[in-house]
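Worksheet: one structure, shown below.
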Amino acid sequence: MATMVTLTEAATFLGVSKATLRNWDNDGKLVAVRNPINGYRQYDMESLINLKNEIIGEEVQVEKQDADSKHEEAKAIKRVVNKLHCIIRDSDANSNIVTRFDEISKLLFVRLMSGRDIFESYDQKDILYGEKIQKEYVRLLNETGKIIPEGYLKINLSNEALRLCGKELYTLLLDDCKCDIKGLAYEDTIRGTFDKSDNQQYFTPYQIVEFMVKALKPFLKGTICDPACGTAGFLTKVNDFVDAKLLGFEVDERLAWVSTLNLLIHGADTFETYCMSNGGSLGVEADVYYGTIDVILTNPPFGSDYTDSKILDKYVLGKGKSSRRRGILFIEQAWNLLKEDGILAIIIDQGVLNSKTNVDVREYIFSHFIIKGIIDLPESAFLPYANVSSSIMILQKKSGKIKQGQTFFAKAEKVGRKSNGDDDIIYYPNGDFELDSDLDSILSSWYMFISGNYQLQNANCFVANVDEYLEEDKSMRLDYIFHHPYRNESKELLNNSKSPLISLSEICTERNHSYVPAADSDATSIPFTGLAHIEPFTGVATQELTPAASIKSSVKRYEPKDIVFSKMRPALRKVAVMNMNEGGYVSSECTVFTVRNDANGEPLVEPEILSTILRSDFVYGQIMSCVTGIGRPRISGKDLRKIMIPLPDKQLQIKVMQNLRANEASVKQLKDRAEALREEAKRLEIKMINEVAFTMAGGN
């Protein structure tokens with residue numbers, strides 16, 4: 001039986017930091033398994049012994065020092081960059097954050113490429129010192145052999161400002177650092193400018209960049225391109241994994257220059273960045289690269305429209321249109337740029353996958369690419385600057401007639417990024433920590449998929465045949481919800497149901513009494529149940545007395561024993577029986593159902609049973625293909641009424657009700673027990689603290 005050790009024990013044995021061990025895990029160098037009880041990383045001792053025998057102790061120690069120092073280096077660079085901003089701002093009142101960034105980039109380029117000695121003697125005459133730094137910057141540019149835009153050929157600072165900046169840069173101790181640490185230092189400067197200003201559209205969160213590059217790692221070879229490269233985030237990460245020819249296209253001159261600096265500082269050798277001013281890589285300047293690229297990774301500006309008719313007419317998806325979303329045109333342009341069998345990983349907005357206005361885009365994708373993978377990102381992925389539903393699409397270029405195979409689908413609910421843009425970190429009691437992210441587990445499932453193993457263990461990942469519904473669904477939807485296995489499971493259960501199937505509209509009537517509380521001058525407060533008062537999945541809802549004046553939109557009336565169904569975000573299963581003593585009002589985002597009575601005056605089905613069924617995967621599988629909308633997905637009342645419900649005889653319904661009550665009691669008992677244990681633990685903690693003090697004071 002294998003001997004398993006903890007992360008701390010493994011790190012101590014190998015002589016590396018825990019951070020290094022986590023990085024090795026992510027890169028596949030030493031794969032951990034998760035403890036089934038607490039979820040912590042653990043390692044096979046035999047694998048650790050083999051690895052230790054393979055690596056040189058000296059190299060391990062260097063890596064340990066590098067990993068441990070990265071945090072301190074990042075803090076040091078931040079402090080210096082902040083000081084440089086202040087110096088330049090004080091010397092030029094007309095500067096702004098972006099123009100200051102330009103000059104700081106030039107100075108950091110000199111510091112990171114030439115070392116600190118060039119900045120010594122900062123107390124000499126201003127003119128001589130300034131000339132020395134200017135000459136060194138020009139020398140470095142010439143040495144690169146890259147084309148640099150005219151506006152960036154010199155440092156645009158006064159000699160006094162240069163001297164003061166030089167003093168700060170001389171104190172920055174980075175000379176013994178490896179290239180990746182220097183690159184991270186510059187990326188932090190980029191983030192501080194473009195990720196926290198009005199130019200945030202240029203920056204893709206590093207967590208997503210890293211995920212996409214790792215996902216394509218088995219395909220990275222030849223010429224790799226980002227046709228909307230921004231600050232070259234994708235290309236610098238690719239450079240960490242492979243030696244390949246890197247190409248970056250950018251419509252913005254400043255960003256093309258930033259990409260060049262970023263790649264140089266990251267130690268990239270074979271690369272070119274081009275500023276394509278006339279339409280960017282969607283214009284004619286990119287035509288010479290058609291059919292020459294092996295891999296494309298990109299996050300194009302999908303939220304804006306392209307209106308140049310000459311360029312629109314170049315594209316199948318743009319011809320004859322007055323405007324088209326840039327992200328859509330980039331899909332077609334990527335096909336043009338790629339070699340046969342080339343791979344594309346692109347971030348697109350959810351509308352490309354499910355909107356009725358983009359059926360032609362999906363037709364193009366089906367007929368020009370093998371659809372290998374679609375990974376849903378949370379709406380918060382690009383916060384605080386954009387709250388948008390987006391997905392990563394991984395495609396393979398094909399010519400001629402295409403038959404789709406199996407497609408990998410995944411849904412990331414967390415990407416390790418808070419709503420303010422900071423890292424979202426989980427800290428464990430044993431001192432271990434990691435990003436709160438689903439991306440690593442999705443990556444593991446993706447690797448299983450591309451190796452031919454379709455039996456995925458991750459609950460948010462599945463494999464589906466996207467051709468399956470083409471006959472019944474002409475809209476060719478490609479979104480995660482539409483192809484989820486719930487749909488087939490529901491279909492199978494419907495086909496094999498031994499009980500009669502009755503539509504929801506036949507079982508229930510709808511209560512449509514609308515009311516605007518704020519417009520009622522006689523009302524002071526109303527009993528109200530908002531969406532926040534309905535728990536997901538549990539069927540628990542509460543009623544709260546709410547000032548009428550605070551509710552300015554329309555609400556709907558419900559009575560005791562009515563069923564409320566939230567049409568917005570139906571995946572949350574906010575469905576509940578209104579078990580209150582009196583009626584009240586509910587958000588207009590809900591439909592209110594009243595169960596019909598049979599000939600004997602009894603309800604056709606108990607509201608509690610029906611409410612439970614409406615929260616089930618069985619029902620969600622029926623309606624998930626009808627859910628539409630980006631950002632605030634919802635289902636229409638018309639589609640709700642079509643839900644089919646199995647309606648057996650009363651005898652079976654009584655058994656179902658008895659089982660439901662018994663299970664509810666068991667759930668309550670478990671919850672009560674868990675709460676009692678939490679309270680007992682709190683009391684024990686307080687007793688332990690006081691007991692220590694009492695005993696130390698000589699008490700018995």
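What you see below is based on every heavy atom in this structure, not just the backbone, and it leaves out hydrogens, waters and symmetry mates. Source: prediction; values computed, not measured. Sequence positions, counted from 1, serve as the residue numbers for this chain.
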ask   = So, do F408 and F449 have ring centers that fall under 6.0 Å from each other?
value = yes
message = Could you go through E340 and S399, starting from their C-alpha distance and side-chain angles, then the distance that decides it, and tell me whether this counts as side chain to side chain donor-acceptor pair (under 3.5 Å)?
response = CA-CA 7 Å; E340 184 71 6; S399 300; 2.8 Å; yes
K146: partners by salt bridge (charged side-chain N to carboxylate O under 4.0 Å, His left out), with sequence neighbours left out = E272
query = K414 pairs by salt bridge (charged side-chain N to carboxylate O under 4.0 Å, His left out) with which of D436, D440, D423?
reply = D436
request  = Measure the acute angle between the ring planes of F433 and Y427, then classify it against the limits of 30° and 60° as parallel, tilted or perpendicular.
outcome  = tilted
key: Working for side chain to side chain donor-acceptor pair (under 3.5 Å), residues Q134 and Y129   = CA-CA 9 Å; Q134 289 281 11; Y129 186 82; over 6 Å; no
request  = Mind listing the closest non-hydrogen atom pair of G351 and N358 along with its distance?
outcome  = O-ND2, 3.0 Å
Test side chain to side chain donor-acceptor pair (under 3.5 Å) applied to E250 and T273, step by step = CA-CA 8 Å; E250 178 52 51; T273 57; over 6 Å; no
note = Residue pairs passing the salt bridge (Lys or Arg N to Asp or Glu O under 4.0 Å) test with at least one member in residues 221-232, sequence neighbours excluded, are none
query = Who are the side-chain contact (heavy atoms from CB on, under 4.5 Å) partners of E332, not counting sequence neighbours?
reply = Y315, V316, L317, N336, Y364
task = Would you indicate whether the side-chain heavy atoms of Y289 and Q333 approach each other to under 4.5 Å?
result = no
ask   = So, are K132 and E136 salt-bridged, with charged N and O less than 4.0 Å apart?
value = no
message = What I'd like to find out is whether the side chain of R111 reaches to under 4.5 Å of the side chain of F119, using heavy atoms alone.
response = yes
task = Determine the minimum heavy-atom distance between D424 and R417, stating which atoms define it.
result = CB-N, 3.7 Å
